[in-house]
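Here is the structure we will look at, set down as structure tokens.
What's counted below: heavy atoms across the whole structure, side chains too, no hydrogens, waters or symmetry copies. Chain letters run A, B, ... following the sequence lines, proteins first and then strands; every chain starts at 1.
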There are 2 protein chains.
Amino acid sequence: MLAEIIAIGDELITGQRLDTNTKWLSERLLECGSTVAFHTTVGDDLANNIDVFRIAIQRADIIVCTGGLGPTADDLTREVIAKAAGVPLVLDEDSLRHIENLYTSRGRKMPERNRLQAEFPAGASPIPNEHGTAPGIAMLVKRTGGGNCQLYALPGVPAELKPMWASSIAPEIIASQSEPRITVHRRLKCFGAGESHLEEMLPDLIARGRDPVVGITVSDATITLRATTSGPNEAACLEKIEPTLQIIRDSLGTLVYGQEDDELEHAVLRLLKEHQQTLSVAEWATGGLLSERLELADEEDHFVGGAVIRSLKQASSSLGVAAVLEPNSPQLAEALAEAIRLQTGADYGLAVSAFPPDRNAPEAHVFAAVASAEGTRKTRFACSSHPAIVRARTAKQAMNTLRLTLLGKVK
Amino acid sequence: MLAEIIAIGDELITGQRLDTNTKWLSERLLECGSTVAFHTTVGDDLANNIDVFRIAIQRADIIVCTGGLGPTADDLTREVIAKAAGVPLVLDEDSLRHIENLYTSRGRKMPERNRLQAEFPAGASPIPNEHGTAPGIAMLVKRTGGGNCQLYALPGVPAELKPMWASSIAPEIIASQSEPRITVHRRLKCFGAGESHLEEMLPDLIARGRDPVVGITVSDATITLRATTSGPNEAACLEKIEPTLQIIRDSLGTLVYGQEDDELEHAVLRLLKEHQQTLSVAEWATGGLLSERLELADEEDHFVGGAVIRSLKQASSSLGVAAVLEPNSPQLAEALAEAIRLQTGADYGLAVSAFPPDRNAPEAHVFAAVASAEGTRKTRFACSSHPAIVRARTAKQAMNTLRLTLLGKVK
């Protein structure tokens, strides 16, 4: 099954926005056993869109397109599919009611032009969209030379597109294969070592032609090891993958903090749950980032809250920390960790000091501290990097310090 | 001049790597006065490549392709261009010497297979590559129906491609125009209305064929209006764009909060700077997001810090707020805003209540409050949306409430 992905929008064709949907859909199509052969991007131009869809219908078995389903004048996808397939647009009453209800639930009246979003090429079915007004479109289009092309049109908003893929499209594509063969990945997430150091610890695992293939990628100091294999079903694939994952775990020990989409905050919250303990945070350099990550990941109230510190005056008025300390010092990190722990009654207090005035100096450091009933641990991290990177990396390093403390690895 | 960008490589078509070259090249082509009409991506497959190039040669005046110029068996671009243009490959002695010299200068002998990189479709010229072994290819290809297509092939490595573009291709494209024309964009950022409501407020502005063209995009409830035009130089373009921007500002009033890359926090911080005032934040539903955004954008310490609230117990212990209030209530938002303002000594306190237990219920609301010396303003927002969206949207809505208060628009 050859697949083509079509991304639609002036913001993409002009380079104003980076297209991440097509990358995501490519990975998902491969998992469903399809071969992605073409990606095409086109602006909000009727003639170019029709040209692109006519070519794709002839050369691909599956088309997944994104964008152009909004209610405005430059949203052309409904019209383009109808024209490329040679059918008229017809109103779907169920979809119209869904859109009207969505507006009603937000206490607003549906604007007249949103009615367009309930129009479909004749013969197409709507793909339900739980998170937005634009339903998707599923349609089997006949090729001029015989045969069919299965077309799926999705909105360009990732938070709408992804659940629509998972609940409606992926199951349909897998079920349509005569001899299903799927590709499965499993990822282990690592933190605390550089890429080449980590690769040296893995004997011959990252070699071409190996099955499962192991790939390594780095993002903001988090290293992901991905094992990939194919087979008739998920169980067969996982049986092949598991021994490889075990070699990685044995070789890397506590450098592995989680799997799949885990971030360090998930690892920290899992450990807090195991110990039935709670955490609060006082952060200066990370400016709310630690709290934000923990709050988003916390499902059982192990993160009890925190303070975002911006000056010694505020550290004093909010947490009663002595205003005579240096903002970028291990003593301040320690005092903040103890103060937030006492104020909130949490088992652990995690704190990050201010950045040094020149965070790009070769020897620049930022300090973190973990306070608990057993006392306070302090660590320091280099912070000579790009400002946008160093804040995220500092948050990760602070959480990793807490993780290793919870594992009993930092004394 | 219609342009098509072709990106080549298995790592792109499988979604293993995000294609940033095409976005970059789109922006550069527009600046040179070309209209980018198509992006195409294809893997390292001969037949699919030839198909893609044949289509592009017929529909585009300029083709820029990236990738497939390396020395390995899966680098097919030289062969593909020769086949699509119907000419043989011939060795270019100068390019061969350049590659041999590059190896010699690194103290190594050129592997035999690198000889391939000195082969060019007959009639093509090499594009010098200062930073790698693969020269680019420039070639005027005749269309079957008459006319020509100017094709440029570049390596996929950004550090090689970008200088090659700047030194060889951009000057050639600009010089090839009889009357040089560049394209310029300006963006206005809006918040506080839906896309279709906003479009209804703009009389005939988002119409096809208008000059400047006005495009509308939405990201997390922030609406961007982009005016685009072409002209002989930047000053001429801006003169054409400014009246359109003025119509938008006049039509939308305070819905326009900024321009270009502005977010709501930039608008809020600009107003605080104008008034020489300070802000602190107490946030429950947004879990640190408000603080994080403000801290990242704040260059002059108008944001003085805040508290991340996760329970009534903590609201009481950290801010002295009465623990008898409802977590999701306007009263709590008001109490938090007043308490954080007093504790930090800021001019304004901004607070967000907890989400309701079922934030997906049709009538679910979250509350924000702004406290100042003049009293406290409360607002409420619908929050029935995807969790990942609703948090970001709630943060924006809270900042917008503060912005309107600072503008004197909320009483």
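A pairwise comparison of heavy atoms in B:Gly43 and B:Ile13 identifies CA-CG2, 3.8 Å as the closest pair. The shortest non-hydrogen separation linking B:Ala323 to B:Leu312 is O-CD1, 3.7 Å.
Under the 4.0 Å criterion applied to side-chain N and carboxylate O atoms, A:Lys109 and A:Glu100 are not assigned as salt-bridge partners. A salt bridge does not link B:Glu260 with B:Lys189: every distance from a Lys NZ or Arg NE/NH1/NH2 to an Asp or Glu carboxylate oxygen is 4.0 Å or more. For B:Arg226 and A:Glu11, the salt-bridge test fails: no basic side-chain N is under 4.0 Å from an acidic carboxylate O.
Contacts of A:Asp298 with chain B are made by both backbone and side-chain atoms, with heavy-atom separations under 4.5 Å. Only the side chain of A:Gln314 comes within less than 4.5 Å of a heavy atom in chain B; its backbone stays farther off. Looking at B:Val281, there are no atoms closer than 4.5 Å to chain A (heavy atoms on both sides), in backbone or side chain. Heavy-atom distances place the backbone of A:Asp19, and not its side chain, under 4.5 Å from chain B. If you measure heavy-atom distances from B:Leu30 to chain A, the contacts under 4.5 Å come from the side chain alone. The contact between A:Val304 and chain B is made entirely by backbone atoms, counting heavy-atom distances below 4.5 Å. With a 4.5 Å cut-off on non-hydrogen atoms, A:Arg293 does not touch chain B at all. Heavy atoms of B:Glu283 lying under 4.5 Å from chain A are absent altogether. If you measure heavy-atom distances from A:Ile55 to chain B, the contacts under 4.5 Å come from the side chain alone. Using a 4.5 Å cut-off between heavy atoms, A:Trp284 contacts chain B through its backbone alone, with no side-chain atom that close. For a residue to count as touching a neighbouring chain, one of its non-hydrogen atoms must lie under 4.5 Å from one of that chain's; by this rule A:Leu18 touches chain B with backbone and side chain alike. With a 4.5 Å cut-off on non-hydrogen atoms, B:Phe381 does not touch chain A at all. At a 4.5 Å heavy-atom cutoff, B:Asp45 makes no contact with chain A through either its backbone or its side chain. Contacts between A:Glu4 and chain B at a heavy-atom distance below 4.5 Å are absent for every atom of the residue. Using a 4.5 Å cut-off between heavy atoms, A:Ala285 contacts chain B through its backbone alone, with no side-chain atom that close. In this structure, the portions of B:Thr20 lying under 4.5 Å from any heavy atom of chain A include both its backbone and its side chain. Neither the backbone nor the side chain of A:Thr22 comes within contact range of chain B; no heavy atom of the residue lies under 4.5 Å from a heavy atom of that chain. Of the atoms belonging to B:Arg28, not a single heavy atom falls under 4.5 Å from chain A.
A distance-only check finds no donor-acceptor pair linking the side chain of A:Glu265 to the backbone of A:Met399 [under 3.5 Å]. A donor-acceptor pair is defined here as one N or O able to donate and one able to accept, closer than 3.5 Å; no such pair exists between the side chain of A:Asn114 and the backbone of A:Pro71. Looking only at distances, a side-chain donor or acceptor of A:His98 sits under 3.5 Å from a matching main-chain atom of A:Asn129. Within the 3.5 Å criterion, the main-chain N or O of A:Asp44 finds no donor-acceptor partner in the side chain of A:Asp74. Panel note: side chain A:Arg106, backbone A:Arg108; no donor-acceptor pair is recorded below 3.5 Å.
Taking a 6.0 Å sphere around CD of A:Glu27, one finds it holds more than 12 heavy atoms contributed by other residues, nucleotides or ligands. For B:Asp204, the CG atom sits in a loose shell: 12 or fewer heavy atoms of surrounding residues, nucleotides or ligands are nearer than 6.0 Å. Within a 6.0 Å sphere centred on CZ of B:Arg17, other residues, nucleotides and ligands contribute 12 heavy atoms or fewer. Heavy atoms of other residues, nucleotides or ligands lying less than 6.0 angstrom from CZ of B:Arg380 number 12 at most.
Counting heavy-atom pairs closer than 4.5 Å to chain B, the top-ranked of the candidates A:Asp51, A:Leu29, A:Ile6 is A:Asp51. Each of A:Glu112, A:Lys313, A:Arg59 has some count of heavy-atom pairs under 4.5 Å with chain B, and the biggest count is that of A:Arg59. With chain A as partner, the option from B:Gly306, B:Ser317, B:Ala307 having the largest number of non-hydrogen pairs under 4.5 angstrom is B:Gly306. Across B:Val42, B:Ile216, B:Thr14, B:Thr40, the residue that shares the most heavy-atom pairs under 4.5 angstrom with chain A is B:Thr14. When A:Ser291, A:Gly287, A:Gly288 are compared by the number of non-hydrogen pairs under 4.5 Å with chain B, A:Gly287 comes out ahead. Between chain B and the residues A:Ser311, A:Ala73, A:Ala37, the largest count of heavy-atom pairs under 4.5 Å involves A:Ala37. The most heavy-atom pairs under 4.5 Å with chain B, out of A:Glu295, A:Glu160, A:Arg310, come from A:Arg310. The greatest number of non-hydrogen atom pairs below 4.5 Å with chain A, out of B:His365, B:Gln343, B:Arg187, is found for B:Gln343.
A donor-acceptor contact closer than 3.5 angstrom is absent between the side chains of A:Asn101 and A:Thr104. Judged purely by distance below 3.5 Å, without hydrogens or angles, the side chains of A:His302 and A:Thr278 never pair a donor atom with an acceptor atom. A side-chain donor from one of B:Ser230 and B:Thr183 sits under 3.5 Å from a side-chain acceptor of the other.
In this view, B:Thr66 satisfies the side chain to side chain donor-acceptor pair (under 3.5 Å) rule with no residue, not counting sequence neighbours.
Within residues 195-202 of chain B, the residues having any heavy atom under 4.5 Å from a heavy atom of chain A are, by residue number, B:Glu195, B:Ser196, B:His197, B:Glu199, B:Glu200.
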Exercise for the section: Using the side chain to side chain contact (heavy atoms under 4.5 Å, CB included) rule, take B:Ser318 and A:Thr344 through it: C-alpha gap first, then chi angles, then the decisive distance, then the call. Expected result: CA-CA 7 Å; B:Ser318 295; A:Thr344 57; 4.3 Å; yes
